[in-house]
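Atoms within each ligand, like the ligands themselves, are counted from 1 in listed order.
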Amino acid sequence: MNSKPEADWLNLLIGLLQGAQLQLLRVLDALGLATQVHGQPAWPWAHRLSGENLLIDLGQARSLAWTLVFVTVAVVALLLALLWRRPRYYLLALVPMLLIAAPWPDANVVLVPATPTSFQQSPTGFTAASIAQGRALYDQHCVACHGADGKGEGPLAASLAVWPPNLSGPLLWRRADGDLLWRILHGTRDARQGQSTMPGFGGKLDESDAWALIDFMKAQGAGQSLRALGNWPQPIGLPDMAVQCGTKPSRQLASWRGQRLRIVAGNVAPSEDPRLVTVVLSPPSSHASASADCVADSPAAWEALALIAGTDQLDGTQLIADRDGWLRARGEPGKAGWSDDDLLCRSERLPVPTKTADSASDGLGALIARMDAEPVRFVKGGFIH
Ligand code: HEC
């Protein structure tokens with residue numbers, strides 16, 4: 001899907017719709033017109049413009065894009081008519097003509113039901129601690145229906161009116177995070193008959209629990225995809241964690257945003273490379289490796305990365321995150337050197353570069369070049385690379 005030439009304008013359109021609605025909500029909030037729900041301003045309408053449907057229905061997306069152009073021209077004509085006397089009547093006559101001529105899209109496709117939290121964003125920072133909190137809650141409240149691997153095959157699943165969905169597929173990435181939050185806290189209903197399909201957990205969990213569950217489900221989904229498909233089809237961030245560099249005060253991994261990061265799991269002394277910041281993640285039961293410059297040693301961080309890498313044997317695994325904090329490549333334990341084949345989160349838009357003698361000798365260089373050439377362009381409800 002990413003190789004289609006329409007990817008660029010569609011991504012722009014979806015980004016624009018998302019950004020405009022978010023800004024509108026911020027303005028309402030600044031004017032004191034938005035109520036607060038679950039700790040953030042609430043979307044006051046029952047519908048919102050949908051990026052996810054536009055992805056599926058390109059014809060409607062095109063109509064909407066053209067309609068926006070027509071409406072913009074109509075607004076400009078109206079402004080000019082106010083300022084400029086002589087052609088005023090021609091300009092004013094143009095406005096309804098433009099509005100009639102615009103290829104208005106189908107409201108049923110462009111508008112989807114919204115929840116009050118549709119535009120809320122996760123406050124967790126996708127930390128290892130939040131993933132661990134989510135894991136404990138998932139085991140307690142969700143596993144009976146959704147199953148230990150999130151594929152929807154828990155012991156209760158067969159007795160339900162609706163089968164729980166596969167949480168390891170693209171579903172969690174297609175949905176607005178705020179809509180996921182709402183469904184966890186308030187439950188889901190059958191679209192036609194209105195019967196409850198999943199109970200709401202608002203009585204037992206608060207919003208910080210629900211955000212932690214969302215972090216956990218994404219981390220688990222990434223690991224399951226990697227196991228099943230050998231790659232990360234949906235982008236996944238590098239979980240944040242505390243890092244100790246020498247005797248300096250401890251800092252967060254996210255504070256290196258803008259630089260490439262390599263995490264080396266295990267009690268090892270990796271060779272440093274100027275193209276990457278290297279952080280050693282020491283195993284939960286051992287003491288921090290003294291020979292590395294920067295070390296993370298929280299058990300939650302180890303668990304979170306094992307989950308995302310889809311493995312019980314994290315020891316010896318290396319992971320590379322790009323400058324924007326997305327996890328992009330994995331080096332399996334015992335494997336010497338890198339190649340651009342290790343890029344697990346990539347777009348299929350560029351032709352795979354032919355390997356030269358040069359890239360064979362500098363596999364990491366080839367990997368970095370490809371990673372930089374194919375940045376992750378993630379718009380909620382839009383393209384994922
Ligand atoms: C009683 C069984 C049951 C339990 C317990 C349960 N779920 Fe669900 N869940 C479902 C079913 C069934 C659906 C599908 C609902 C539908 O499509 O109408 C679902 C759907 C979902 C979805 C997808 C919603 C969407 O946008 O399509 C998410 C996310 C989810 N559950 C998360 C959770 C979490 C987190 C928990 C634990 C706090 C949990 N569920 C507990 C049965 C359950």
Side-chain angles (χ1 to χ4, degrees), residues 18 37-39 43 46-53 55-56 111-124 126-127 129-225 233-236 304 307-308 379-382 384:
Q18 185 73 9
V37 169
H38 297 307
W43 182 250
H47 290 85
R48 65 179 169 86
L49 289 165
S50 145
E52 55 274 35
N53 283 358
L55 260 186
I56 301 166
L111 291 174
V112 291
T115 66
T117 55
S118 281
F119 289 94
Q120 296 197 356
Q121 281 157 355
S122 174
T124 64
F126 198 61
T127 58
S130 157
I131 295 171
Q133 182 192 348
R135 175 178 238 163
L137 292 167
Y138 184 89
D139 287 347
Q140 197 183 340
H141 299 287
C142 324
V143 89
C145 296
H146 286 283
D149 57 5
K151 294 206 177 125
E153 289 160 11
L156 284 186
S159 65
L160 302 171
V162 176
W163 204 270
N166 178 6
L167 298 175
S168 301
L171 180 104
L172 295 178
W173 280 263
R174 282 208 194 117
R175 298 272 193 257
D177 287 344
D179 283 343
L180 293 174
L181 177 94
W182 188 263
R183 288 174 191 157
I184 295 170
L185 293 175
H186 300 269
T188 56
R189 291 190 171 278
D190 184 284
R192 261 166 287 156
Q193 278 119 27
Q195 279 154 348
S196 164
T197 47
M198 171 174 117
F201 290 84
K204 296 176 192 151
L205 307 174
D206 65 11
E207 57 267 11
S208 81
D209 296 330
W211 287 120
L213 276 161
I214 293 170
D215 283 351
F216 164 74
M217 289 188 291
K218 284 189 182 164
Q220 164 155 281
Q224 292 294 336
S225 301
Q234 337 295 341
I236 186 81
L307 191 65
I308 290 174
V379 181
K380 254 297 163 194
I384 52 172

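Contact annotation: Cys142 places no N, O or S atom under 2.8 Å from atom 8 (Fe) of ligand 1. Here Met198 reaches atom 8 (Fe) of ligand 1: one of its N/O/S atoms is less than 2.8 Å from the metal.
Among protein heavy atoms, the minimum distance from atom 16 (C) of ligand 1 is reached at Thr197 OG1, 3.5 Å. Looking at atom 28 (C) of ligand 1, its nearest protein heavy atom turns out to be Leu167 CD2, 3.9 Å. Shortest contact from atom 30 (C) of ligand 1 to any protein heavy atom: His146 NE2, 3.5 Å. With hydrogens left out, the protein atom closest to atom 3 (C) of ligand 1 is Cys145 SG, 2.7 Å, a heavy atom. With respect to atom 23 (C) of ligand 1, the closest heavy atom belonging to the protein is Leu171 CD2, 3.8 Å.
Asp179 does not count as a contact of ligand 1, since none of its heavy atoms falls under 4.0 Å from the ligand. At least one heavy atom of Val162 sits under 4.0 Å from some atom of ligand 1. Using a 4.0 angstrom heavy-atom cutoff, Leu156 does not count as in contact with ligand 1. Contact between Pro165 and ligand 1 is present, with at least one heavy atom of the residue lying under 4.0 Å from the ligand.
The N/O atoms of His141, backbone and side chain alike, include none that comes under 3.5 Å of an N/O atom in ligand 1. Any N or O atom pair closer than 3.5 Å counts here, and Arg183 shares at least one such pair with ligand 1.
We find that Asp179 and Arg174 are not joined by a salt bridge, their nearest charged nitrogen and carboxylate oxygen being 4.0 Å or further apart. One finds no salt bridge joining Asp215 and Arg135 here, because no Lys/Arg side-chain nitrogen approaches an Asp/Glu carboxylate oxygen to under 4.0 Å.
Trp173 places a side-chain N or O within donor-acceptor distance of the main-chain N or O of Pro235, the cut-off being under 3.5 Å.
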